[in-house]
**Q** 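For reference, the structure I am asking about is given below.
Just so you know, these numbers come straight off a predicted model, no measurement behind them.
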Amino acid sequence: MASLVSSPFTLPSSKVDQLSSLAQRHLFLHSFLPKKTNFFYGSSSKASLGVKCAVIGNGLFTQTTPEVRRIVPEKNQSLPTVKIVYVVLEAQYQSSLSAAVRTLNSNNKGAAFEVVGYLVEELRDASTYETFCKDLEDANIFIGSLIFVEELALKVKAAVEKERDRLDAVLVFPSMPEVMRMNKLGSFSMSQLGQSKSPFFQLFKKKKQSSAGFADSMLKLVRTLPKVLKYLPSDKAQDARLYILSLQFWLGGSPDNLQNFLKMISGSYVPALKGTKMEYSEPVLYLDSGIWHPLAPCMYDDVKEYLNWYGTRRDANEMIKSPNAPVIGLILQRSHIVTGDDGHYVAVIMELEAKGAKVIPIFAGGLDFSGPVERFLIDPITKKPFVNSVVSLTGFALVGGPARQDHPRAVEALMKLDVPYIVAVPLVFQTTEEWLNSTLGLHPIQVALQVALPELDGGMEPIVFAGRDPKTGKSHALHKRVEQLCTRAIKWAELKRKTKEEKKLAITVFSFPPDKGNVGTAAYLNVFSSIFSVLKDLQRDGYNVEGLPETSEALIEEVIHDKEAQFSSPNLNVAYKMNVREYQSLTPYATALEENWGKAPGNLNSDGENLLVYGKQYGNVFIGVQPTFGYEGDPMRLLFSKSASPHHGFAAYYSFVEKIFKADAVLHFGTHGSLEFMPGKQVGMSDACYPDSLIGNIPNIYYYAANNPSEATIAKRRSYANTISYLTPPAENAGLYKGLKQLSELISSYQSLKDTGRGPQIVSSIISTAKQCNLDKDVELPDEGEEIPAKDRDLVVGKVYAKIMEIESRLLPCGLHVIGEPPSALEAVATLVNIAALDRPEDGISSFPSILAETVGRSIEEVYRGSDKGILKDVELLRQITEASRGAITSFVERTTNKKGQVVDVADKLTSILGFGINEPWVDYLSNTKFYRADREKLRTLFMFLGECLKLVVADNELGSLKQALEGKYVEPGPGGDPIRNPKVLPTGKNIHALDPQSIPTTAAMQSAKIVVDRLIERQKAENGGKYPETIALVLWGTDNIKTYGESLAQVLWMIGVTPVADTFGRVNRVEPVSLEELGRPRIDVVVNCSGVFRDLFINQMNLLDRAVKMVAELDEPAEQNFVKKHALEQAEALGIDIREAATRVFSNASGSYSSNINLAVENSSWNDEKQLQDMYLSRKSFAFDCDAPGAGMTEKRKVFEMALSTADATFQNLDSSEISLTDVSHYFDSDPTNLVQNLRKDGKKPSAYIADTTTANAQVRTLSETVRLDARTKLLNPKWYEGMLSSGYEGVREIEKRLTNTVGWSATSGQVDNWVYEEANTTFIQDEEMLKKLMSTNPNSFRKLVQTFLEANGRGYWETTEENIDKLRQLYSEVEDKIEGIDR
């Protein structure tokens, strides 16, 4: 037994998990352990057995056992026994209830009480659930409270329902309606909950205004009802009165209240006690909300009284008495205070006071804290806050707790308060050891309730500050974590109090991949111009930015010092040299890094003696370059299945920023660095997790691209960032150039002349031009000189035309965004056109194309289908529709802007437009087209909406929000995502959040998913002789699922033929199979590779998918109709495992690791052959999630992974927004298993590779090679795109080089890139002398990488070209080398 209990701290020792070695060194971990080491549970044999099985573990998160909550009275012949079974969400009632029962039993009056309690989460375990059902069989009373997790609520309901009629009383306090309906006390019942007309039930109806309002009105009712009901004669009223009294006792929570509660209920309803008089007193009522301090004589409901008491405290230290002391507000849960489970609250209050901060701890009993926040933390007269920052210790959303949230109400209250809002997390479903030993960190349900939901309120810094004792269920403080939390809360508060001149800011830029040409990389952002614009603004505002150069170019020069110098030469500007002794004294965890990197200083960011911090200081602002991961160029390290620790240089950088420069805040500039991707727990980190150690105590503000909410969320959770969104550059249409432009001219002349004799001639010119443009790969063209019958000509032309229109209308972000420079109105036109192209049925808005198509009697869907098939008149109609919508929107924008191109108050302009019978500009425009009869009402609704969107697109709040954050104010939260699908993302400058992970996939996402899956399967069948694909290997991305509300997740569900089922709160935690009849096809097997980010954000959904696949594998169906079952049976037999394990299909990285590292290998050219890349993929991506043991986290299952992949007939990915396409980022090819599957398949056949494109209203499924070609034509080879990039100078050259490198990545993982793509790129960038000079002089380092990439593409056999081309490239390479080394100066 002892060995079992003391073993939790030795983790499986592997090269990368350094925790085990740390535990031996006692570096960090002792700070978590409670002082007592004897974890022994009672001596009764039954209890110790219960514990044994729990410690060894059932693979679940919650491994505590209900036996610690069981009290059996001593046998007493004379007294009847009353047995009570209770189920609660959290354990704070355990100690209070146990105390009550022990007291009752020692009094020996009236009855003996037997009691046993269960935490909802424990019921996941099958044997625990069985015990629960057994306990109910002889119970008298059942009590349930706060049961909000649907799958568990249904289990409780099923068990209680069986016994409900026999039980003497069933009491359920606020929970899901299904469970609330179980209530019965005598004649009082809630079985009609939500249907009945009586006022009591009206309460439980879904309130439109808010559920927190519901909890509050319930409390009001609880106050008044018993008094009213007392005077009503009927039994029914008495029973209702006792229910309300029970609720009062329960909410009162103290042992006295609970004793009286048990006496009242058993005396009134247990038959054996009928004649006995059970005396009970009325409930002791505590304040519903107020201010509580452990040393105060009472609870206060007036701030002034509390502050008076605070000012006269004798025990307070001198620091707190100072008028300059920071004031921190705390938000507490009333139930912890009344049940006496408040040790963790006391610890936080004491720690804050010891650090010299005053504290105002407020609490509320309902689930709505917004009222108390406004009442107690804001001065009613001046409307200024009493506090400098607020920490919520409840872990719940501010309004609504675990039930239905009301985020707008919460945001409104927090905006009034206007101070930083931190939401710390107490462990709820895990004991301290379980959390410490988990690689995932927090329990997924807790992440959903207590991390994801508070983020929607703008909450930051989910630091775990309290653990739970497995025996008593009481919370205890984790002292090191409490210290971290309190220091950070005070640091944020300091920002509110310091003056601008004295504030110090460290701006951190990224350099990735490590190369001088890459300093200042960030997605879509012109970093140095943005920093320059931010610093200019801060300077005007009174910050000390001494010596700031005149231009942003000069700024680059000073930071990089010598743009042409190589990274390894000392020419990058060194801001500080840190010797090893200083480094070790400032960095407590330095020795932990030695296992991976040897002794400091190592060879990264060092000159051999000192660690170097790169950057430049201007007054109180330091601009520093974040060191990189450090293993990019080392193929052996890239193969590790888990990621290594940061290197010494990385640690030294953050030690410098915090302890030598003494920054008040750090500003990470742009998407994204590597701090938040360092190893450690996924969410809810401990001291031993690297991101937590690195960021230390510095408030972290992070500029993040608005369209990347998933990685922004990781930055929030793992580096405690306040993420501020910036706009991606305004999109434009790709347009046509060179041969493509000629083609479109030929086609329009064909349309006017096709019936004359010149028709055939023009068609043959069209065919030959199309071949020159390499369109013959995308469109089947007849041979040149072949006779084409008149009726087929239209089809040939139509197909070419459709392809050209597709290229022309592709959206691409042009140039790079500069913070503080919003787009002008006309730059916003393309974005508005795309916003207008989507139907928004929930807002009653029809899309522009569908309004126009209806005008000519067609449905837009029909036109899309016809155009895809190449029917000439449909292609032409679609082009006219597109042109009309662009024209009408342009004319609308022109009318709402002034001469300078700024948007004037849209509302005024609109009223004048909509008012005096003047025609609206869009009607004017359409009157000259064939769509003059368009429906005016629908148009008006649409344009009112577009007017709102236009205001948001051009609003500028990115600088404003940064300044608010630096002044210690609250930054308003907003969703991240694609502004076209969800205009609520705008205006930027909001604190980005993702979505409630339990809300996806939505019904709309499921609709879209069905369309895409059906098209995918159709296409695969058509290309494979009518055979269904047996397995599809696909990728799930975090950001995509946030933007589309779970479309790709829904695709997987539809492939295997299941459908998600939502509970009463709209949360999705269950799936049901769709019958084969309804599906109309076999169930398709899947291999799901989740990105590391998806794994962090949507662990609940991984659980859902895994349950779904396993459920399908066990269906009683013929194997030829159920490929999941077919393959699982084969694999189970081959590997000798059971069918559930063989049906493992949901894979990702090990916890705390991200990406397959193929992207790093390709970007740094550090790989030998494709086999090496495939090994990386297999070793890093073969970790599976198991729904039968979710607490085990990700476990390696490489054999099953390889066998499942070897059955894949197709690989598949989704593109969901115009700004990120296949070659824009390295993530897509990093996750592509196309060549790998070919190697694993027994027949060596290459799988088909598909990409679904849902960036427009007309969803397409294309092959991978089609998509790569489309991408090359619209970006890399498109003058509009590359000229746009070059206008950003230094950064632009890098963007061009990046696209080429990513193209090589696709050649490496899939072999789907055509030779002409490289050939044309070479013609565009190398053969053109003028272009060559421009690239070389603007950013020689990135140019060198470009030349190197061309040579590499040729050397690896991806590009065949003439010898002279290669010679020219080699010669250029040595020229630019010399130039960089400075030989020719």
**Q** Do the side chains of K803 and D868 get close enough for a salt bridge, i.e. N-O under 4.0 angstrom?
**A**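 No.
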**Q** Quick one: do the T855 and R933 side chains pair a donor with an acceptor below 3.5 Å?
**A**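 No pair is found: no donor N or O on one side chain lies under 3.5 Å from an acceptor on the other.
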**Q** Please check if atom OH in Y1045 has more than 12 non-hydrogen atoms from other residues, nucleotides or ligands closer than 6.0 Å.
**A**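 Not buried by this count: 12 neighbours or fewer within 6.0 Å.
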**Q** Does the ring center of F848 lie less than 6.0 Å from the ring center of F943?
**A**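 Under 6.0 Å, so yes.
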**Q** Using the ring centroid of each side chain, check whether Y421 and Y970 are separated by less than 6.0 Å.
**A**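 No, ring centres 6.0 Å or more apart.
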**Q** Are side-chain N/O atoms of T713 and S710 paired as donor and acceptor at under 3.5 Å?
**A**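 No.
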**Q** Distance only, no hydrogens: is a donor on one side chain within 3.5 Å (strictly under) of an acceptor on the other, for W1037 and Q1213?
**A**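 Indeed, the side chains of W1037 and Q1213 share at least one donor-acceptor pair under 3.5 Å.
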**Q** My understanding is that only residues two or more places apart in sequence, or in another chain, count here; which of them pass side chain to side chain donor-acceptor pair (under 3.5 Å) with K738?
**A**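 Expected list: none.
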**Q** Quiz question: by atom type and distance under 3.5 Å, do the side chains of S1221 and D1271 form a donor-acceptor pair?
**A**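 Side-chain D/A pair, S1221 to D1271: present.
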**Q** Does either side chain, that of Q1051 or that of N1214, offer a donor lying less than 3.5 Å from an acceptor on the other one?
**A**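 N1214 and Q1051 do have a side-chain donor-acceptor pair below 3.5 Å.
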**Q** Do T723 and N991 pair up side chain to side chain, a donor and an acceptor below 3.5 Å, judged on atom types alone?
**A**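 Yes, because at least one side-chain N or O of T723 sits under 3.5 Å from a partner of the opposite role on N991.
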**Q** So Y726 and H817, would you call those rings parallel, tilted or perpendicular, with 30° and 60° as cut-offs?
**A**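 The rings of Y726 and H817 lie parallel, inter-plane angle below 30°.
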**Q** Side chains of N733 and K1280: do they bring a donor and an acceptor to under 3.5 Å?
**A**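 No, because no side-chain N or O of N733 sits under 3.5 Å from a partner of the opposite role on K1280.
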**Q** Would you call R810-E806 a salt bridge at under 4.0 Å N-O?
**A**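 Result for this pair is no, no salt bridge flagged.
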**Q** Checking side-chain contact (heavy atoms from CB on, under 4.5 Å) against L525, which of S1288, S530, P729 comes through?
**A**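 Output: one option passes, namely S530.
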**Q** Run the side chain to side chain contact (heavy atoms under 4.5 Å, CB included) test on L453 and L456 for me, step by step, so that the C-alpha distance in whole Å, both residues' side-chain angles and the decisive distance to 0.1 Å come before the verdict.
**A** CA-CA 5 Å; L453 295 173; L456 304 184; 4.2 Å; yes
**Q** So which of F945, W922, Y925 actually passes ring pair (Phe, Tyr, Trp, His ring centres under 6.0 Å) with F892?
**A**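 With F892 as partner, F945, W922, Y925 yield a single ring pair (Phe, Tyr, Trp, His ring centres under 6.0 Å), made by W922.
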